[in-house]
Amino acid sequence: MECASAYLGAGEFWRKIPAWNGVSANQFNDHLWQERNSVINLKTLAPLVSKLVSQEFLEDVQQGINAGQMAVRLTPYIISLIDWGRPETDPIRKQFLPLASEIETDHPLLVMDPMSEQVDAAAPGLTHRYRDRVLFLATDTCPVYCKYCTRSYAVGTNTKAVSKISFNPRSPRWERSFEYIETHPAIEDVVISGGDCYRLKPEQITLIGERLLQIPHIRRIRFATKGLAVLPMKILTDVAWLKALSRINELGRERYKTVAVHTHFNHKNEITSITEAALNRLFELGIVVRNQSVILSGVNNSAEAIIDLNYRLSYLNVRPYYQFMCDMVQGTENLRTSLQEAVEIEKLVRGTTSGYNTPLFVVDLAGGGGKRDIHSYEIYDRDIGLSIFKAPNVKKDSYFFYCDPLRSIEPYFRNMWLDSRKRQYMMSSLLREFKGVASNQRLHYSVLGNLMRNGI
Ligand SMILES: *Cc1c(COP(=O)(O)O)cnc(C)c1O
Ligand code: SF4
């Protein structure tokens with residue numbers, strides 16, 4: 001394998017976009033220039049790429065946007081990293097810009113809020129699922145919108161297909177969350193997410209950080225942002241924002257508490273020399289960065305893609321933390337992969353670099369079971385593409401289904417899924433199988449033991 005540094009996208013790659021041919025590095029690295037020139041619909045995209053793509057492609061985009069559950073927003077940085085010579089198969093385009101031609105019929109078990117975050121909410125925008133940690137949704141906007149967002153029910157502006165719940169960044173709402181956290185001493189860890197913490201103003205980073213770190217039982221906080229992958233220059237040019245984050249990091253250290261940034265890279269093409277400069281800056285400030293990635297069909301569903309991503313991230317001192325299955329969100333069928341595929345990929349990834357630079361492959365269980373190792377299913381029927389998981393530390397007596405994408409299932413069983421009566425039959429049959437066999441027998445099945453018991 002080549003040295004990781006050789007991979008880093010360098011040079012003034014944005015000049016390939018005709019409209020940005022004259023844009024200097026100083027301009028391109030200005031986060032405000034990026035915000036001002038972000039694309040939010042076909043009208044703003046077409047003038048940039050119409051000379052590079054076909055008219056049919058642009059029509060495909062327009063219809064994709066009309067049908068989508070997520071708003072569209074791409075930074076110039078992300079637009080410049082797409083290969084417009086082959087946009088149909090580009091791994092970055094697939095994440096942010098929908099095409100009508102790639103829509104697939106959703107598996108019938110896909111829903112709008114698969115994690116049941118609204119059902120399990122302790123306060124508006126606060127989910128307390130695990131004993132010692134909470135998810136605090138500080139805002140509902142992002143610098144870009146991912147087609148497969150698990151929070152499609154809230155994140156971004158309304159689309160033709162979905163009208164959203166709002167989590168405005170407002171301190172009265174936050175105050176209810178802080179009070180909940182203060183009165184629940186078992187909580188030690190707060191994930192500050194959204195939306196994206198890039199969208200919080202410096203004063204808001206300071207307010208949330210100080211407020212949480214002053215609570216005696218809070219030991220760890222993390223700011224979640226995809227920003228490093230889609231707008232890395234903000235770290236270099238939004239001085240006030242970085243200063244606010246760095247101050248909270250210092251405050252944490254003074255109090256012997258951990259502050260970290262959790263980010264979201266999915267593909268090595270998202271990493272450039274600008275990313276390197278931004279991550280080096282965070283490293284100088286002693287800010288720990290971890291990555292949470294999603295396995296997406298056509299984006300990174302190969303061992304090679306995940307290995308390359310982790311290799312580059314490790315090189316830049318970012319710790320690969322989780323590799324998620326794509327959540328069972330409506331409108332994401334074309335991006336989902338089967339559990340089997342993820343198991344195969346994991347097998348080829350683990351061992352290629354150190355364990356601490358290898359992410360744990362997890363599925364965040366629909367219905368609010370939380371994150372589970374993909375290998376820890378209780379039972380998995382590969383023919384019908386259905387697995388059952390348990391979550392003893394979250395919802396002890398419940399069980400949770402994960403369903404493979406319809407495309408990965410033989411036509412005979414795929415058609416059964418589309419028939420509501422047969423669907424019920426398949427689910428209850430697997431459930432009966434699962435309930436009928438004691439878990440110690442399932443996990444310690446002994447071929448030789450069975451043969452001997454049967455007198456052979
Ligand atoms: C992911 C998540 C957390 C954090 O879990 P970790 O395993 O500590 O990263 C906390 N609360 C909710 C609701 C989550 O979805
Ligand atoms: S950055 Fe995160 S919260 Fe925002 S759209 Fe993407 S996945 Fe959703």
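Order of appearance sets the numbers: ligands from 1, and atoms from 1 within every ligand.
- Below 4.0 Å from some heavy atom of Val191 lie the following atoms of ligand 1, by number and element: 4 (C).
- For the side chain to side chain donor-acceptor pair (under 3.5 Å) criterion with Glu182, the lone passing option out of Gln214, Arg211, His217 is Arg211.
- Under a 4.0 Å criterion applied to the non-hydrogen atoms of Lys371, ligand 1 contributes the atoms 1 (C), 2 (C), 3 (C), 4 (C), 5 (O), 14 (C), 15 (O).
- Considering backbone and side-chain atoms together, Arg133 places an N or O closer than 3.5 Å to an N or O of ligand 1.
- Of all atoms in ligand 1, numbered sequentially from 1 with element shown, those under 4.0 Å from a heavy atom of Tyr321 are 6 (P), 7 (O), 8 (O), 9 (O).
- The Arg222 neighbourhood of ligand 1 comprises atoms 4 (C), 6 (P), 8 (O), 9 (O), with distances under 4.0 Å to a heavy atom of that residue.
- Counted by atom type alone, Thr237 and Asp30 present zero donor-acceptor pairs between their side chains at under 3.5 Å.
- What you find for Val53 and Pro87 is that their closest heavy atoms are CG1-CG, 4.0 Å.
- Legend: protein N/O/S atoms lying under 2.8 Å from atom 4 (Fe) of ligand 2, waters omitted, number 1.
- Looking at every heavy atom in both residues, Asp196 comes nearest to Thr139 through O-CG2, 3.5 Å.
- Between Arg372 and Glu378 there is no salt bridge, since none of the side-chain N atoms of the basic residue sits less than 4.0 Å from a carboxylate O of the acidic one.
- Asp106 and Gln330 form no side-chain donor-acceptor contact under 3.5 Å, judged by distance and modelled atom types alone.
- Looking from atom 2 (Fe) of ligand 2 to the surrounding protein, the closest heavy atom is His264 ND1, 4.3 Å.
- When non-hydrogen atoms are compared, ligand 1 lies under 4.0 Å from neither the backbone nor the side chain of Met115.
- In terms of N/O distances under 3.5 Å, ligand 1 is not approached by Tyr130.
- Each of Phe28, Trp84, Trp20, Tyr77 was compared with Trp14 under the ring pair (Phe, Tyr, Trp, His ring centres under 6.0 Å) criterion, and only Phe28 meets it.
- In terms of polar-atom proximity, defined here as any N/O pair under 3.5 Å, Glu117 makes no such contact with ligand 1.
- With ring centers used as reference points, Phe178 lies under 6.0 Å from Phe136.
- Against a heavy-atom cut-off of under 4.0 Å, Tyr322 is close to the following atoms of ligand 1: 6 (P), 7 (O), 9 (O).
- Counting atoms of ligand 2 from 1 in the listed order, those under 4.0 Å from a heavy atom of Met70 are 5 (S).
- When all heavy atoms of Tyr380 and Ser338 are compared, the pair lying nearest together is OH-CB, 4.3 Å.
- Residues Tyr321 and His262 bring no donor and acceptor atom of their side chains to less than 3.5 Å of each other.
- Annotation: Arg350, atom CZ; neighbour count of heavy atoms from other residues, nucleotides and ligands within 6.0 Å is above 12.
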